[in-house]
Trainee: 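Mind looking over this structure? Questions follow.
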Amino acid sequence: MASTSAALVNGLGSAFLTGGKKSQALLSAPVAARAGGAVAPKRLLVVAAAPKKSWIPAVKGGGNLIDPEWLDGSLPGDYGFDPLGLGKDPAFLKWYREAELIHGRWAMAAVVGIFVGQAWSGIPWFEAGAAPGAVAPFSFGTLLGTQLLLMGWVESKRWVDFFNPESQSVEWATPWSRTAENFANATGDQGYPGGKFFDPLGFAGTLKNGVYIPDDEKLERLKLAEIKHARIAMLAMLIFYFEAGQGKTPLGALGL
């Protein structure tokens, strides 16, 4: 019974349940100190933070496989999944999150493009490259050159900005000096630039007197929604690849 009580007390004082160092300090401080030096009340109410969600249902934590210490819940969509320990190094964790975001965004665009392209042309997506005229009135060389030019420019700026934040929001780094401010990071979060250029509809912020003001609450909800959709899209693309290996298409698999 004594060991069970001790385990319970230790558990309430852990970072996993209390949600951070401030809560731990509050729990570990003497009762008199917490009460401002007055006599401690007879009843002590301890409010523990809700445990972080796990990628394995009904599992609350325990061990690096289920709840690795380098995943503290600060990243959107963090469910403690890192069985290979790829995110132990904070620098690598930041890079992997950036890579997951970019791959997920391309996957979401690709999934929509595959469905729309085949519905429009009737040509399977894995054969569309042999007949680009079916989806666009351009030659393959024109499409390839345009893609390399536009994607190369945008991706190179994203790459430089990742290692040197805010370096692309200066006049010399943009081909149009008057739009340099468009490449500033209005939210301050890597991968979520916001601003009038990247959030023209104001989903995660508002414009007041021409100044973009981010809404942190909306932004956090959109971050979580985006990473969830991105992961589903990447899984969908993996399935599309397997289907293509069998000569099948997503629309064909759906009987459409």
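Remember, it's a predicted structure, so these values are computed and weren't measured experimentally.
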Trainee: Using the rule given for ring pair (Phe, Tyr, Trp, His ring centres under 6.0 Å), can you reason through Tyr241 versus Trp125, listing the C-alpha separation, both sets of side-chain angles and the distance that settles it, and then say yes or no?
Mentor: CA-CA 10 Å; Tyr241 288 133; Trp125 67 274; 5.7 Å; yes

Trainee: If you define the side chain from C-beta out and look only at heavy atoms, does anything of Ile227 sit under 4.5 Å from Leu75?
Mentor: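 With C-beta onward as the side chain, the pair stays apart.
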
Trainee: What is the distance from atom CG of Leu224 to atom CG of Leu219, rounded to the nearest 0.5 Å?
Mentor: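 One finds 11.5 Å between CG of Leu224 and CG of Leu219.
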
Trainee: What are the two closest heavy atoms between Pro214 and Thr187, and how far apart are they?
Mentor: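 Minimum heavy-atom contact is CB-CG2, 4.2 Å.
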
Trainee: Is a side-chain donor or acceptor of Asp189 paired with a backbone partner of Tyr192 at a separation under 3.5 angstrom?
Mentor: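 No.
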
Trainee: With rounding to the nearest 0.5 Å, note down the distance linking NE2 in His103 to CE in Met108.
Mentor: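 Answer for the NE2-CE pair, His103 versus Met108, is 13.0 Å.
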
Trainee: Return the minimal non-hydrogen interatomic distance between Gly77 and Arg231, and the atom names on each side.
Mentor: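 Between these two residues, the closest heavy atoms are O-NH1, 2.9 Å.
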
Trainee: Go through the steps to decide whether Leu148 and Leu144 satisfy the test side chain to side chain contact (heavy atoms under 4.5 Å, CB included), and finish with yes or no.
Mentor: CA-CA 6 Å; Leu148 290 176; Leu144 180 61; 4.1 Å; yes

Trainee: Are the side chains of Phe115 and Phe240 in touch, meaning some heavy atoms are under 4.5 Å apart?
Mentor: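 Phe115 vs Phe240: side chains touch.
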
Trainee: Please check this pair: side chain of Asp82 against backbone of Leu86, looking for a donor-acceptor N/O pair closer than 3.5 Å.
Mentor: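 At least one qualifying donor-acceptor pair exists.
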
Trainee: I need the minimum non-hydrogen distance between Phe197 and Pro200, along with the two atoms involved.
Mentor: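 For Phe197 and Pro200, the tightest heavy-atom pair comes out as O-CD, 3.8 Å.
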
Trainee: Over 60° means perpendicular and under 30° means parallel, so classify the ring planes of Trp95 and Trp159, tilted if in between.
Mentor: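 Ring orientation of Trp159 relative to Trp95: perpendicular.
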
Trainee: Is any side-chain N of the basic residue among Arg221 and Glu217 closer than 4.0 Å to the acidic one's carboxylate O?
Mentor: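 A salt bridge is present here (some side-chain N lies under 4.0 Å from a carboxylate O).
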
Trainee: Measuring from atom CZ of Arg158 to atom CD of Gln190, what distance do you get when rounded to the nearest 0.5 angstrom?
Mentor: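 So the gap between those two atoms works out to 9.0 Å.
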
Trainee: Over all heavy atoms of both residues, which pair between Gly73 and Asp78 is shortest? Give the atoms and the distance, please.
Mentor: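 Gly73 and Asp78 have their closest heavy atoms at N-OD2, 2.7 Å.
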
Trainee: Looking at Tyr79 and Lys228, what are the two nearest heavy atoms and their distance?
Mentor: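 Smallest interatomic distance, heavy atoms only, reads OH-CE, 3.2 Å.
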
Trainee: How close do Ala204 and Leu222 get, heavy atom to heavy atom, and via which atoms?
Mentor: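 Minimum heavy-atom contact is CB-CD1, 3.8 Å.
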
Trainee: Ignoring hydrogens and geometry, is there a side-chain-to-backbone donor-acceptor pair from Asn209 to Val211 under 3.5 Å?
Mentor: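 The answer is no, because no donor-acceptor pair under 3.5 Å joins these two groups.
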
Trainee: Assess, by modelled atom type and distance only, whether the side chains of Thr249 and Gln118 contain a donor and an acceptor separated by less than 3.5 Å.
Mentor: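 Yes, side-chain donor-acceptor contact under 3.5 Å.
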
Trainee: Under 3.5 Å, side chain of Arg97 to main-chain N/O of Pro76, donor-acceptor pair present?
Mentor: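 Looks like yes, one N/O pair under 3.5 Å.
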
Trainee: Determine whether Ile114 and Leu254 fall in the same hydrophobic cluster, where Ile, Leu, Val, Met, Phe, Trp and Tyr are linked whenever their side-chain heavy atoms lie under 4.5 Å apart.
Mentor: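 Cluster IDs for Ile114 and Leu254 match.
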
Trainee: What distance separates Ile102 CD1 from Phe162 CZ, expressed to the nearest 0.5 Å?
Mentor: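 The distance works out to 10.0 Å.
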
Trainee: Consider only side-chain heavy atoms of I, L, V, M, F, W and Y, link residues closer than 4.5 Å, and tell whether Leu84 and Tyr96 are in one cluster.
Mentor: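 Linked within one cluster.
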
Trainee: Would you indicate whether the side-chain heavy atoms of Pro165 and Asn185 approach each other to under 4.5 Å?
Mentor: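 Result no, sub-4.5 Å side-chain heavy-atom pair not found.
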
Trainee: Any donor-acceptor pair under 3.5 Å linking the side chain of Asp216 with the backbone of Glu220?
Mentor: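 It does not hold such a pair.
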
Trainee: Indicate whether any N or O donor in one side chain lies under 3.5 Å from an N or O acceptor in the other, for Asp72 and Ser74.
Mentor: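 Looking only at side-chain atoms, Ser74 and Asp72 do form a donor-acceptor pair, the distance falling under 3.5 Å.
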
Trainee: At what distance, to the nearest 0.5 angstrom, does CZ of Arg105 lie from CD of Glu100?
Mentor: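 The distance works out to 11.0 Å.
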
Trainee: Starting at CD of Glu98, measure out to CG of Leu93 and round the result to the nearest 0.5 Å.
Mentor: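 With rounding to 0.5 Å, CD (Glu98) is 12.0 Å from CG (Leu93).
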
Trainee: Give a yes or no on whether Trp153 and Phe198 share a hydrophobic cluster (residues Ile, Leu, Val, Met, Phe, Trp, Tyr; joining criterion: side-chain heavy atoms under 4.5 Å apart).
Mentor: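 Yes, Trp153 and Phe198 fall within the same hydrophobic cluster.
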
Trainee: Step by step, would you call Thr146 with Thr142 a side chain to side chain contact (heavy atoms under 4.5 Å, CB included)?
Mentor: CA-CA 6 Å; Thr146 303; Thr142 301; 4.1 Å; yes

